[in-house]
2 protein chains.
Amino acid sequence: MNGKIFIIEDEPSIIQLVQYNLEKEGLIVSSATNGNEGLKELKKFKPNLLLLDWMLPDFSGIEICKNIRKDTNFKNLPIIMLTAKGEEEDKIKGLDSGVDDYLTKPFSFNELFARIKAVLRRSDPKLVSDNLEFEDLKLDRNEKRVFRNEKEIKLGPTEFRLLEFFLTNPKRVYSRDQILENVWPNNINVESRTIDVHIRRLRKSINLKDQKELIRTVRSSGYSLI
Amino acid sequence: MNGKIFIIEDEPSIIQLVQYNLEKEGLIVSSATNGNEGLKELKKFKPNLLLLDWMLPDFSGIEICKNIRKDTNFKNLPIIMLTAKGEEEDKIKGLDSGVDDYLTKPFSFNELFARIKAVLRRSDPKLVSDNLEFEDLKLDRNEKRVFRNEKEIKLGPTEFRLLEFFLTNPKRVYSRDQILENVWPNNINVESRTIDVHIRRLRKSINLKDQKELIRTVRSSGYSLI
DNA sequence: TTAGTTTGTAACATTTCTGTAACATTAACT
DNA sequence: AGTTAATGTTACAGAAATGTTACAAACTAA
(Lines give C-alpha, C1' and ligand atoms only; values in the text may rest on other atoms or scores of the structure.)
Protein backbone atom coordinates (compact mmCIF):
# COMPACT_ATOMS: atom_id res chain seq x y z
CA MET A 1 0.00 0.00 0.00
CA ASN A 2 1.15 3.48 -0.82
CA GLY A 3 -0.18 6.92 -0.13
CA LYS A 4 -0.66 9.42 2.66
CA ILE A 5 -3.37 9.36 5.26
CA PHE A 6 -4.39 12.16 7.55
CA ILE A 7 -6.27 11.62 10.79
CA ILE A 8 -8.35 14.15 12.69
CA GLU A 9 -9.36 12.57 15.96
CA ASP A 10 -9.21 13.83 19.52
CA GLU A 11 -8.50 10.50 21.21
CA PRO A 12 -4.69 10.14 21.15
CA SER A 13 -4.72 6.42 21.79
CA ILE A 14 -6.83 5.81 18.72
CA ILE A 15 -4.51 7.90 16.62
CA GLN A 16 -1.58 6.02 18.03
CA LEU A 17 -2.98 2.59 17.27
CA VAL A 18 -4.24 3.44 13.84
CA GLN A 19 -1.10 5.30 12.87
CA TYR A 20 1.11 2.49 14.07
CA ASN A 21 -0.75 -0.10 12.07
CA LEU A 22 -1.09 1.98 8.94
CA GLU A 23 2.60 2.77 8.92
CA LYS A 24 3.31 -0.90 9.22
CA GLU A 25 1.39 -1.29 5.98
CA GLY A 26 3.68 1.20 4.33
CA LEU A 27 1.45 4.27 4.46
CA ILE A 28 2.57 7.73 5.44
CA VAL A 29 0.47 9.07 8.29
CA SER A 30 0.00 12.43 9.94
CA SER A 31 -2.63 13.64 12.37
CA ALA A 32 -4.30 16.42 14.30
CA THR A 33 -6.44 16.35 17.43
CA ASN A 34 -8.85 19.16 16.58
CA GLY A 35 -10.56 20.70 13.61
CA ASN A 36 -8.66 23.96 13.39
CA GLU A 37 -5.26 22.42 13.48
CA GLY A 38 -6.49 19.68 11.19
CA LEU A 39 -7.62 22.01 8.42
CA LYS A 40 -4.31 23.82 8.50
CA GLU A 41 -2.15 20.70 8.45
CA LEU A 42 -4.25 19.14 5.77
CA LYS A 43 -3.15 21.73 3.24
CA LYS A 44 0.50 21.10 3.92
CA PHE A 45 0.26 17.35 4.08
CA LYS A 46 -1.89 16.72 1.00
CA PRO A 47 -3.15 13.31 1.93
CA ASN A 48 -4.77 10.77 -0.33
CA LEU A 49 -7.39 10.00 2.28
CA LEU A 50 -8.77 11.52 5.46
CA LEU A 51 -9.96 9.75 8.60
CA LEU A 52 -12.29 12.13 10.37
CA ASP A 53 -13.77 11.84 13.82
CA TRP A 54 -17.42 12.73 14.14
CA MET A 55 -17.09 14.60 17.40
CA LEU A 56 -14.21 16.99 17.85
CA PRO A 57 -13.58 19.54 20.58
CA ASP A 58 -14.04 22.54 18.31
CA PHE A 59 -16.06 21.53 15.26
CA SER A 60 -18.20 18.59 14.36
CA GLY A 61 -16.88 16.32 11.68
CA ILE A 62 -19.66 17.33 9.39
CA GLU A 63 -18.69 20.98 9.57
CA ILE A 64 -15.11 20.15 8.76
CA CYS A 65 -16.27 17.99 5.97
CA LYS A 66 -18.24 20.76 4.34
CA ASN A 67 -15.35 23.11 4.85
CA ILE A 68 -12.98 20.77 3.09
CA ARG A 69 -15.26 20.34 0.14
CA LYS A 70 -15.20 24.07 -0.48
CA ASP A 71 -11.49 23.94 -1.17
CA THR A 72 -11.07 22.93 -4.79
CA ASN A 73 -7.87 21.10 -3.94
CA PHE A 74 -9.77 18.76 -1.67
CA LYS A 75 -13.02 18.60 -3.54
CA ASN A 76 -12.42 14.92 -4.20
CA LEU A 77 -10.43 13.94 -1.13
CA PRO A 78 -11.83 10.63 0.08
CA ILE A 79 -13.08 10.83 3.64
CA ILE A 80 -13.90 8.06 6.07
CA MET A 81 -15.89 9.22 9.07
CA LEU A 82 -15.39 7.66 12.49
CA THR A 83 -18.53 7.73 14.60
CA ALA A 84 -19.14 6.55 18.12
CA LYS A 85 -21.81 4.01 18.93
CA GLY A 86 -25.31 5.37 19.19
CA GLU A 87 -24.94 7.98 16.54
CA GLU A 88 -26.61 5.68 14.07
CA GLU A 89 -29.21 8.16 12.85
CA ASP A 90 -26.53 10.62 11.94
CA LYS A 91 -25.01 8.27 9.46
CA ILE A 92 -27.20 9.41 6.65
CA LYS A 93 -26.35 13.01 7.32
CA GLY A 94 -22.72 12.06 7.25
CA LEU A 95 -22.97 10.42 3.90
CA ASP A 96 -24.96 13.30 2.52
CA SER A 97 -22.26 15.73 3.49
CA GLY A 98 -19.88 14.07 1.08
CA VAL A 99 -18.30 11.36 3.16
CA ASP A 100 -17.20 8.27 1.28
CA ASP A 101 -17.62 5.77 4.07
CA TYR A 102 -18.07 5.61 7.80
CA LEU A 103 -17.04 3.29 10.56
CA THR A 104 -18.52 2.86 14.02
CA LYS A 105 -16.24 2.77 17.05
CA PRO A 106 -15.00 0.50 18.34
CA PHE A 107 -13.66 -1.07 15.21
CA SER A 108 -10.93 -3.54 14.50
CA PHE A 109 -7.97 -2.37 12.53
CA ASN A 110 -8.70 -4.90 9.84
CA GLU A 111 -12.12 -3.42 9.28
CA LEU A 112 -10.70 0.03 9.01
CA PHE A 113 -7.97 -1.13 6.70
CA ALA A 114 -10.44 -2.89 4.46
CA ARG A 115 -12.49 0.29 4.15
CA ILE A 116 -9.43 2.35 3.41
CA LYS A 117 -8.40 -0.02 0.70
CA ALA A 118 -11.88 -0.06 -0.78
CA VAL A 119 -12.15 3.70 -0.83
CA LEU A 120 -8.65 4.21 -2.17
CA ARG A 121 -9.16 1.61 -4.82
CA ARG A 122 -12.01 3.66 -6.16
CA SER A 123 -10.32 7.03 -5.93
CA ASP A 124 -6.72 6.14 -6.69
CA PRO A 125 -6.23 2.52 -7.68
CA LYS A 126 -2.47 2.84 -8.14
CA LEU A 127 -2.05 3.21 -4.41
CA VAL A 128 -3.60 -0.10 -3.51
CA SER A 129 -0.86 -2.52 -4.14
CA ASP A 130 -2.31 -5.90 -3.35
CA ASN A 131 -2.57 -7.30 -6.79
CA LEU A 132 -1.96 -5.61 -10.04
CA GLU A 133 -4.12 -6.21 -13.05
CA PHE A 134 -4.23 -5.07 -16.62
CA GLU A 135 -6.25 -6.53 -19.42
CA ASP A 136 -5.90 -10.29 -19.02
CA LEU A 137 -2.73 -10.00 -16.97
CA LYS A 138 -2.74 -10.51 -13.23
CA LEU A 139 0.20 -10.13 -10.87
CA ASP A 140 0.03 -11.33 -7.28
CA ARG A 141 2.61 -9.60 -5.15
CA ASN A 142 2.18 -11.78 -2.09
CA GLU A 143 2.55 -15.02 -3.92
CA LYS A 144 4.85 -13.61 -6.54
CA ARG A 145 2.89 -15.07 -9.37
CA VAL A 146 1.77 -13.83 -12.74
CA PHE A 147 -1.16 -15.03 -14.77
CA ARG A 148 -2.32 -14.37 -18.26
CA ASN A 149 -5.82 -15.54 -18.92
CA GLU A 150 -5.82 -17.49 -15.66
CA LYS A 151 -2.83 -19.42 -16.89
CA GLU A 152 0.29 -19.06 -14.78
CA ILE A 153 3.42 -17.67 -16.34
CA LYS A 154 6.83 -18.24 -14.87
CA LEU A 155 9.03 -15.18 -14.76
CA GLY A 156 12.57 -14.60 -13.60
CA PRO A 157 13.18 -12.05 -10.86
CA THR A 158 14.03 -9.15 -13.14
CA GLU A 159 11.22 -9.92 -15.53
CA PHE A 160 8.87 -9.93 -12.55
CA ARG A 161 10.05 -6.58 -11.24
CA LEU A 162 9.91 -5.14 -14.72
CA LEU A 163 6.34 -6.22 -15.26
CA GLU A 164 5.42 -5.10 -11.77
CA PHE A 165 6.78 -1.68 -12.56
CA PHE A 166 4.88 -1.38 -15.80
CA LEU A 167 1.71 -2.52 -14.13
CA THR A 168 1.77 0.25 -11.55
CA ASN A 169 1.01 2.58 -14.42
CA PRO A 170 0.03 0.70 -17.49
CA LYS A 171 -0.17 2.60 -20.74
CA ARG A 172 2.33 5.11 -19.45
CA VAL A 173 5.54 5.23 -21.42
CA TYR A 174 8.71 4.88 -19.38
CA SER A 175 12.12 5.88 -20.55
CA ARG A 176 15.04 3.52 -20.14
CA ASP A 177 16.39 5.77 -17.42
CA GLN A 178 13.17 5.58 -15.47
CA ILE A 179 13.04 1.85 -15.86
CA LEU A 180 16.61 1.55 -14.69
CA GLU A 181 15.97 3.62 -11.60
CA ASN A 182 12.87 1.77 -10.59
CA VAL A 183 13.53 -1.79 -11.50
CA TRP A 184 17.19 -2.22 -10.79
CA PRO A 185 18.58 -2.29 -7.26
CA ASN A 186 20.04 1.07 -6.29
CA ASN A 187 23.42 2.22 -7.51
CA ILE A 188 23.74 -0.60 -9.97
CA ASN A 189 24.99 0.41 -13.34
CA VAL A 190 23.98 -1.53 -16.37
CA GLU A 191 24.05 -0.71 -20.03
CA SER A 192 20.89 0.86 -21.29
CA ARG A 193 20.69 -1.84 -23.96
CA THR A 194 20.38 -4.44 -21.23
CA ILE A 195 16.85 -3.23 -20.73
CA ASP A 196 15.99 -4.08 -24.30
CA VAL A 197 17.09 -7.61 -23.71
CA HIS A 198 14.96 -7.92 -20.60
CA ILE A 199 12.02 -6.46 -22.44
CA ARG A 200 12.55 -9.10 -25.06
CA ARG A 201 12.60 -11.80 -22.40
CA LEU A 202 9.49 -10.46 -20.75
CA ARG A 203 7.73 -10.30 -24.10
CA LYS A 204 8.68 -13.83 -24.87
CA SER A 205 7.32 -14.99 -21.51
CA ILE A 206 4.01 -13.19 -21.46
CA ASN A 207 3.08 -13.46 -25.11
CA LEU A 208 1.95 -17.02 -25.31
CA LYS A 209 1.44 -18.18 -28.86
CA ASP A 210 -0.51 -15.77 -30.99
CA GLN A 211 -1.72 -13.60 -28.15
CA LYS A 212 -1.83 -9.88 -28.48
CA GLU A 213 1.47 -8.09 -27.93
CA LEU A 214 1.30 -6.34 -24.56
CA ILE A 215 4.45 -4.29 -24.58
CA ARG A 216 4.64 -1.35 -26.88
CA THR A 217 7.88 0.13 -28.10
CA VAL A 218 7.87 3.88 -28.37
CA ARG A 219 10.78 4.63 -30.55
CA SER A 220 13.29 6.99 -28.99
CA SER A 221 11.20 7.22 -25.80
CA GLY A 222 10.91 3.86 -24.14
CA TYR A 223 8.32 1.21 -23.51
CA SER A 224 4.83 0.87 -22.10
CA LEU A 225 2.07 -1.61 -21.68
CA ILE A 226 -0.74 -1.33 -24.14
CA MET B 1 -10.25 -19.83 21.36
CA ASN B 2 -11.87 -20.27 24.74
CA GLY B 3 -11.28 -18.79 28.14
CA LYS B 4 -11.73 -15.62 30.13
CA ILE B 5 -9.53 -12.58 29.97
CA PHE B 6 -9.39 -9.73 32.45
CA ILE B 7 -7.99 -6.32 31.59
CA ILE B 8 -6.73 -3.72 34.04
CA GLU B 9 -5.99 -0.59 32.05
CA ASP B 10 -6.90 3.03 32.62
CA GLU B 11 -7.26 4.04 29.00
CA PRO B 12 -10.88 3.26 28.09
CA SER B 13 -10.29 3.34 24.34
CA ILE B 14 -7.67 0.62 24.62
CA ILE B 15 -9.98 -1.54 26.67
CA GLN B 16 -12.70 -0.96 24.16
CA LEU B 17 -10.61 -1.95 21.17
CA VAL B 18 -9.02 -4.96 22.81
CA GLN B 19 -12.25 -6.20 24.31
CA TYR B 20 -14.10 -5.82 21.05
CA ASN B 21 -11.53 -7.82 19.15
CA LEU B 22 -11.05 -10.50 21.78
CA GLU B 23 -14.77 -11.09 22.02
CA LYS B 24 -14.85 -11.49 18.28
CA GLU B 25 -12.40 -14.34 18.79
CA GLY B 26 -14.78 -16.01 21.19
CA LEU B 27 -13.19 -15.01 24.47
CA ILE B 28 -15.02 -13.75 27.52
CA VAL B 29 -13.70 -10.39 28.59
CA SER B 30 -14.08 -8.19 31.65
CA SER B 31 -12.13 -5.15 32.76
CA ALA B 32 -11.31 -2.53 35.36
CA THR B 33 -9.71 0.88 35.03
CA ASN B 34 -7.74 0.95 38.27
CA GLY B 35 -5.89 -1.38 40.57
CA ASN B 36 -8.26 -1.46 43.52
CA GLU B 37 -11.31 -2.25 41.51
CA GLY B 38 -9.26 -4.63 39.41
CA LEU B 39 -8.12 -6.77 42.34
CA LYS B 40 -11.67 -7.05 43.61
CA GLU B 41 -13.22 -7.96 40.28
CA LEU B 42 -10.46 -10.41 39.56
CA LYS B 43 -11.60 -12.68 42.37
CA LYS B 44 -15.14 -12.82 41.12
CA PHE B 45 -14.25 -13.17 37.47
CA LYS B 46 -11.56 -15.84 37.74
CA PRO B 47 -9.90 -15.25 34.40
CA ASN B 48 -7.49 -17.51 32.58
CA LEU B 49 -5.26 -14.62 31.74
CA LEU B 50 -4.70 -11.03 32.81
CA LEU B 51 -3.73 -8.04 30.71
CA LEU B 52 -2.16 -5.53 33.04
CA ASP B 53 -1.22 -1.95 32.34
CA TRP B 54 2.12 -0.86 33.70
CA MET B 55 0.98 2.55 34.89
CA LEU B 56 -2.30 2.82 36.71
CA PRO B 57 -3.82 5.73 38.63
CA ASP B 58 -3.51 4.07 42.02
CA PHE B 59 -0.90 1.33 41.87
CA SER B 60 1.85 0.43 39.48
CA GLY B 61 1.38 -2.76 37.54
CA ILE B 62 4.28 -4.31 39.34
CA GLU B 63 2.64 -3.79 42.74
CA ILE B 64 -0.56 -5.34 41.54
CA CYS B 65 1.37 -8.17 40.10
CA LYS B 66 3.09 -8.96 43.40
CA ASN B 67 -0.21 -8.65 45.17
CA ILE B 68 -1.83 -11.16 42.88
CA ARG B 69 0.93 -13.66 43.32
CA LYS B 70 0.33 -13.69 47.08
CA ASP B 71 -3.13 -15.09 46.53
CA THR B 72 -2.78 -18.84 46.14
CA ASN B 73 -5.72 -18.88 43.72
CA PHE B 74 -3.82 -16.69 41.32
CA LYS B 75 -0.32 -17.89 41.97
CA ASN B 76 -0.14 -19.21 38.42
CA LEU B 77 -2.41 -16.75 36.63
CA PRO B 78 -0.67 -15.83 33.40
CA ILE B 79 -0.06 -12.11 33.11
CA ILE B 80 0.82 -10.02 30.10
CA MET B 81 2.07 -6.58 30.96
CA LEU B 82 1.33 -3.58 28.77
CA THR B 83 4.04 -0.94 28.92
CA ALA B 84 4.28 2.41 27.22
CA LYS B 85 7.17 3.31 24.98
CA GLY B 86 10.32 4.42 26.74
CA GLU B 87 9.96 2.16 29.71
CA GLU B 88 12.34 -0.29 28.14
CA GLU B 89 14.68 -0.63 31.11
CA ASP B 90 11.80 -1.64 33.27
CA LYS B 91 11.12 -4.68 31.23
CA ILE B 92 13.49 -6.83 33.17
CA LYS B 93 11.92 -5.78 36.43
CA GLY B 94 8.58 -6.66 34.97
CA LEU B 95 9.68 -10.13 34.06
CA ASP B 96 11.28 -10.62 37.44
CA SER B 97 8.06 -9.81 39.15
CA GLY B 98 6.44 -12.88 37.66
CA VAL B 99 5.01 -11.54 34.44
CA ASP B 100 4.77 -14.04 31.62
CA ASP B 101 5.15 -11.63 28.76
CA TYR B 102 5.02 -7.94 28.02
CA LEU B 103 3.98 -5.80 25.08
CA THR B 104 4.96 -2.25 24.29
CA LYS B 105 2.30 0.25 23.33
CA PRO B 106 1.32 0.96 20.71
CA PHE B 107 0.73 -2.58 19.56
CA SER B 108 -1.39 -4.14 16.88
CA PHE B 109 -4.18 -6.41 17.96
CA ASN B 110 -2.61 -9.25 16.06
CA GLU B 111 0.56 -8.94 18.10
CA LEU B 112 -1.39 -8.98 21.31
CA PHE B 113 -3.46 -11.90 20.20
CA ALA B 114 -0.40 -13.88 19.23
CA ARG B 115 1.09 -13.31 22.68
CA ILE B 116 -2.10 -14.29 24.40
CA LYS B 117 -2.27 -17.49 22.43
CA ALA B 118 1.37 -18.27 23.14
CA VAL B 119 1.01 -17.69 26.86
CA LEU B 120 -2.26 -19.59 27.12
CA ARG B 121 -0.84 -22.44 25.14
CA ARG B 122 1.80 -22.89 27.81
CA SER B 123 -0.43 -22.47 30.82
CA ASP B 124 -3.64 -24.08 29.63
CA PRO B 125 -3.32 -25.74 26.23
CA LYS B 126 -6.92 -26.94 26.17
CA LEU B 127 -8.09 -23.38 25.66
CA VAL B 128 -6.10 -22.84 22.51
CA SER B 129 -7.53 -24.99 19.83
CA ASP B 130 -6.01 -23.70 16.69
CA ASN B 131 -4.69 -26.35 14.42
CA LEU B 132 -3.34 -25.46 11.07
CA GLU B 133 -4.20 -27.23 7.86
CA PHE B 134 -3.25 -26.95 4.25
CA GLU B 135 -3.91 -29.43 1.52
CA ASP B 136 -3.15 -32.82 3.01
CA LEU B 137 -1.00 -31.35 5.77
CA LYS B 138 -2.24 -31.03 9.32
CA LEU B 139 -0.34 -29.44 12.19
CA ASP B 140 -1.49 -29.83 15.78
CA ARG B 141 -0.09 -27.03 17.87
CA ASN B 142 -1.16 -28.47 21.17
CA GLU B 143 0.42 -31.82 20.71
CA LYS B 144 3.15 -30.58 18.43
CA ARG B 145 2.45 -33.16 15.81
CA VAL B 146 2.28 -33.04 12.06
CA PHE B 147 0.43 -35.29 9.67
CA ARG B 148 0.46 -35.69 5.95
CA ASN B 149 -2.39 -37.76 4.63
CA GLU B 150 -3.26 -38.90 8.15
CA LYS B 151 0.22 -40.30 8.45
CA GLU B 152 2.31 -38.76 11.19
CA ILE B 153 5.56 -37.08 10.33
CA LYS B 154 8.29 -36.50 12.85
CA LEU B 155 9.86 -33.08 12.72
CA GLY B 156 12.65 -31.47 14.68
CA PRO B 157 11.82 -28.34 16.67
CA THR B 158 13.04 -25.89 14.07
CA GLU B 159 11.40 -27.75 11.24
CA PHE B 160 8.17 -27.63 13.20
CA ARG B 161 8.32 -23.90 13.81
CA LEU B 162 9.23 -23.33 10.20
CA LEU B 163 6.27 -25.28 8.94
CA GLU B 164 4.04 -23.66 11.52
CA PHE B 165 5.08 -20.27 10.24
CA PHE B 166 4.42 -21.13 6.63
CA LEU B 167 1.05 -22.55 7.52
CA THR B 168 -0.15 -19.30 9.07
CA ASN B 169 -0.19 -17.93 5.55
CA PRO B 170 0.24 -20.64 3.02
CA LYS B 171 0.97 -19.60 -0.55
CA ARG B 172 2.45 -16.35 0.61
CA VAL B 173 6.11 -15.92 -0.19
CA TYR B 174 8.32 -15.08 2.77
CA SER B 175 11.76 -13.63 2.48
CA ARG B 176 14.63 -15.12 4.41
CA ASP B 177 14.59 -12.08 6.67
CA GLN B 178 10.94 -12.56 7.50
CA ILE B 179 11.49 -16.21 8.15
CA LEU B 180 14.41 -15.43 10.40
CA GLU B 181 12.43 -12.92 12.41
CA ASN B 182 9.49 -15.17 12.91
CA VAL B 183 10.92 -18.60 13.28
CA TRP B 184 14.09 -18.03 15.21
CA PRO B 185 14.07 -16.94 18.84
CA ASN B 186 14.52 -13.22 19.16
CA ASN B 187 17.87 -11.57 18.65
CA ILE B 188 19.51 -14.74 17.54
CA ASN B 189 21.77 -14.30 14.59
CA VAL B 190 22.15 -17.05 12.11
CA GLU B 191 23.43 -17.08 8.58
CA SER B 192 20.78 -16.58 5.98
CA ARG B 193 21.96 -19.76 4.27
CA THR B 194 21.04 -21.70 7.38
CA ILE B 195 17.44 -21.27 6.37
CA ASP B 196 18.08 -23.04 3.11
CA VAL B 197 19.38 -26.01 4.97
CA HIS B 198 16.35 -26.13 7.22
CA ILE B 199 14.10 -25.83 4.22
CA ARG B 200 15.88 -28.77 2.75
CA ARG B 201 15.37 -30.75 5.95
CA LEU B 202 11.73 -29.83 6.10
CA ARG B 203 11.26 -30.80 2.49
CA LYS B 204 12.90 -34.10 3.05
CA SER B 205 10.64 -34.78 6.00
CA ILE B 206 7.29 -33.81 4.54
CA ASN B 207 7.76 -35.05 1.02
CA LEU B 208 7.29 -38.73 1.49
CA LYS B 209 8.24 -40.69 -1.57
CA ASP B 210 6.76 -39.34 -4.79
CA GLN B 211 4.36 -36.94 -3.15
CA LYS B 212 3.88 -33.48 -4.55
CA GLU B 213 6.48 -30.94 -3.52
CA LEU B 214 4.90 -28.60 -0.99
CA ILE B 215 7.52 -25.92 -0.66
CA ARG B 216 8.09 -23.56 -3.52
CA THR B 217 11.36 -21.72 -4.02
CA VAL B 218 10.97 -18.22 -5.36
CA ARG B 219 14.35 -17.24 -6.56
CA SER B 220 15.61 -13.99 -5.07
CA SER B 221 12.51 -13.69 -2.88
CA GLY B 222 12.18 -16.63 -0.54
CA TYR B 223 9.95 -19.62 -0.03
CA SER B 224 6.28 -20.41 0.26
CA LEU B 225 3.94 -23.32 0.55
CA ILE B 226 2.22 -24.35 -2.60
C1' DT C 1 28.07 -39.66 32.09
C1' DT C 2 26.69 -41.55 27.38
C1' DA C 3 24.25 -42.11 23.28
C1' DG C 4 21.38 -40.03 20.31
C1' DT C 5 19.30 -35.58 18.30
C1' DT C 6 19.47 -31.26 16.64
C1' DT C 7 21.79 -27.18 14.88
C1' DG C 8 24.62 -23.98 12.37
C1' DT C 9 28.09 -23.54 8.99
C1' DA C 10 31.29 -24.53 5.48
C1' DA C 11 32.24 -26.56 1.21
C1' DC C 12 30.98 -28.20 -3.06
C1' DA C 13 27.34 -29.17 -6.81
C1' DT C 14 23.80 -27.66 -9.56
C1' DT C 15 20.59 -24.63 -11.45
C1' DT C 16 19.04 -20.34 -13.02
C1' DC C 17 19.75 -15.65 -14.08
C1' DT C 18 22.19 -11.64 -15.96
C1' DG C 19 24.73 -8.51 -18.69
C1' DT C 20 27.06 -7.84 -22.88
C1' DA C 21 28.54 -8.27 -27.41
C1' DA C 22 27.62 -9.21 -32.01
C1' DC C 23 24.60 -9.40 -35.66
C1' DA C 24 19.76 -8.73 -37.72
C1' DT C 25 15.92 -6.04 -38.52
C1' DT C 26 13.04 -2.07 -38.56
C1' DA C 27 11.80 2.83 -38.79
C1' DA C 28 12.75 7.49 -40.06
C1' DC C 29 14.56 10.70 -42.94
C1' DT C 30 16.72 12.60 -47.04
C1' DA D 1 16.62 3.59 -52.56
C1' DG D 2 20.21 4.53 -49.36
C1' DT D 3 21.82 6.02 -44.94
C1' DT D 4 21.61 6.18 -40.12
C1' DA D 5 19.94 5.44 -35.58
C1' DA D 6 17.11 2.71 -32.76
C1' DT D 7 15.46 -1.60 -31.52
C1' DG D 8 15.03 -6.86 -32.00
C1' DT D 9 17.28 -11.24 -31.46
C1' DT D 10 20.53 -14.68 -30.17
C1' DA D 11 24.19 -16.92 -27.85
C1' DC D 12 27.20 -17.35 -24.18
C1' DA D 13 30.29 -16.89 -20.19
C1' DG D 14 30.37 -15.52 -15.68
C1' DA D 15 27.67 -14.37 -11.65
C1' DA D 16 24.42 -15.32 -8.30
C1' DA D 17 21.11 -18.07 -5.94
C1' DT D 18 19.84 -22.35 -4.34
C1' DG D 19 20.43 -27.49 -3.47
C1' DT D 20 23.00 -30.94 -1.13
C1' DT D 21 26.09 -33.17 1.94
C1' DA D 22 29.05 -33.73 5.77
C1' DC D 23 30.66 -32.57 10.20
C1' DA D 24 31.61 -30.64 14.70
C1' DA D 25 29.51 -28.39 18.47
C1' DA D 26 25.47 -27.86 21.33
C1' DC D 27 21.84 -29.80 23.33
C1' DT D 28 18.62 -33.69 25.53
C1' DA D 29 17.05 -37.52 27.63
C1' DA D 30 18.03 -41.49 30.14
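Only this structure's heavy atoms are used, side chains among them; waters, hydrogens and symmetry mates stay out. Residue numbers begin at 1 in each chain, while the letters A, B, ... track the order of the sequences.
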Base, sugar-phosphate, or nothing for B/Thr194, non-hydrogen atoms under 4.0 angstrom? base

What is the nucleic acid contact for A/Arg203, judged by heavy atoms within less than 4.0 Å: base, sugar-phosphate only, or nothing? sugar-phosphate

Please tell me which of A/Ile188 and B/Asn189 maps to the more 5' nucleotide of DNA chain C, matching each residue to the nucleotide holding its nearest heavy atom. B/Asn189

Between B/His198 and B/Arg193, just flag the one whose closest nucleotide in DNA chain C comes earlier from the 5' side. B/His198

If the condition is side-chain hydrogen bond (donor to acceptor under 3.5 Å, both in side chains), which residues does [X] pass it with, not counting sequence neighbours?
X        : result
A/Glu164 : A/Arg141
B/Asn48  : none
B/Thr194 : none
B/Lys4   : none

Euclidean distance, atom [atom1] of residue [X] to atom [atom2] of [N] [Å, nearest integer]:
X        : N      : atom1 : atom2 : value
A/Ile215 : D/dT7  : CD1   : C1'   : 14 Å
B/Leu202 : D/dT20 : CG    : P     : 13 Å
A/Asp177 : D/dA6  : CG    : P     : 14 Å
B/Ile195 : D/dG19 : CD1   : P     : 12 Å
B/Ile179 : D/dT18 : CD1   : P     : 10 Å

Ring pair (Phe, Tyr, Trp, His ring centres under 6.0 Å) with [X]: which residues, sequence neighbours excluded?
X        : result
A/Phe107 : none
B/Phe147 : none
B/Phe45  : B/Phe6
B/Tyr223 : none

Please determine whether a side-chain nitrogen or oxygen atom of B/Tyr223 lies at a distance below 4.0 Å from atom OP1 or OP2 of D/dG19. yes

Is there a side-chain polar atom (N or O) of A/Arg201 under 4.0 Å from OP1 or OP2 of D/dG8? no

Just list the side-chain donor-acceptor pairs under 3.5 Å for residues 152-161 of chain A, sequence neighbours left out, or say none.
residue  : atom : partner  : partner atom : Å
A/Glu152 : OE1  : A/Arg145 : NH1          : 2.7
A/Glu152 : OE2  : A/Arg145 : NH1          : 2.8
A/Glu159 : OE1  : A/Ser205 : OG           : 2.8
A/Arg161 : NE   : A/Val183 : O            : 2.8
A/Arg161 : NH2  : A/Val183 : O            : 3.4

Got a sec? Which of residues 154-166 of chain A come in under 4.0 Å of DNA chain C, heavy atoms? A/Gly156, A/Pro157, A/Thr158

Where the side chain of B/Arg200 is concerned, which of D/dT21, D/dT7, D/dA11 is the nearest nucleotide? D/dT21

Nearest-neighbour nucleotide for the B/Thr217 side chain, D/dA11, D/dT18, D/dA6 considered: D/dT18

Side-chain ([X]) to main-chain ([Y]) donor-acceptor, under 3.5 angstrom:
X        : Y        : value
B/Asp71  : B/Asn73  : yes
A/Asp100 : A/Ile79  : yes
B/Asp124 : B/Leu120 : no

By nearest-heavy-atom nucleotide on DNA chain D, the more 5' of A/Arg176 and B/Ile199 is A/Arg176

Would you mind telling me which residue lines up with the more 5' stretch of DNA chain D, A/Arg219 or B/Lys204, judged by nearest nucleotide? A/Arg219

End-to-end bend of the helix from C/dT1-D/dA30 to C/dT30-D/dA1 (five-pair axes, 10° rounding)? 40°

Just the endpoints, please: which first and last nucleotides of DNA chain C, 5' to 3', lie under 4.0 Å from a heavy atom of chain B? C/dT6 to C/dC17

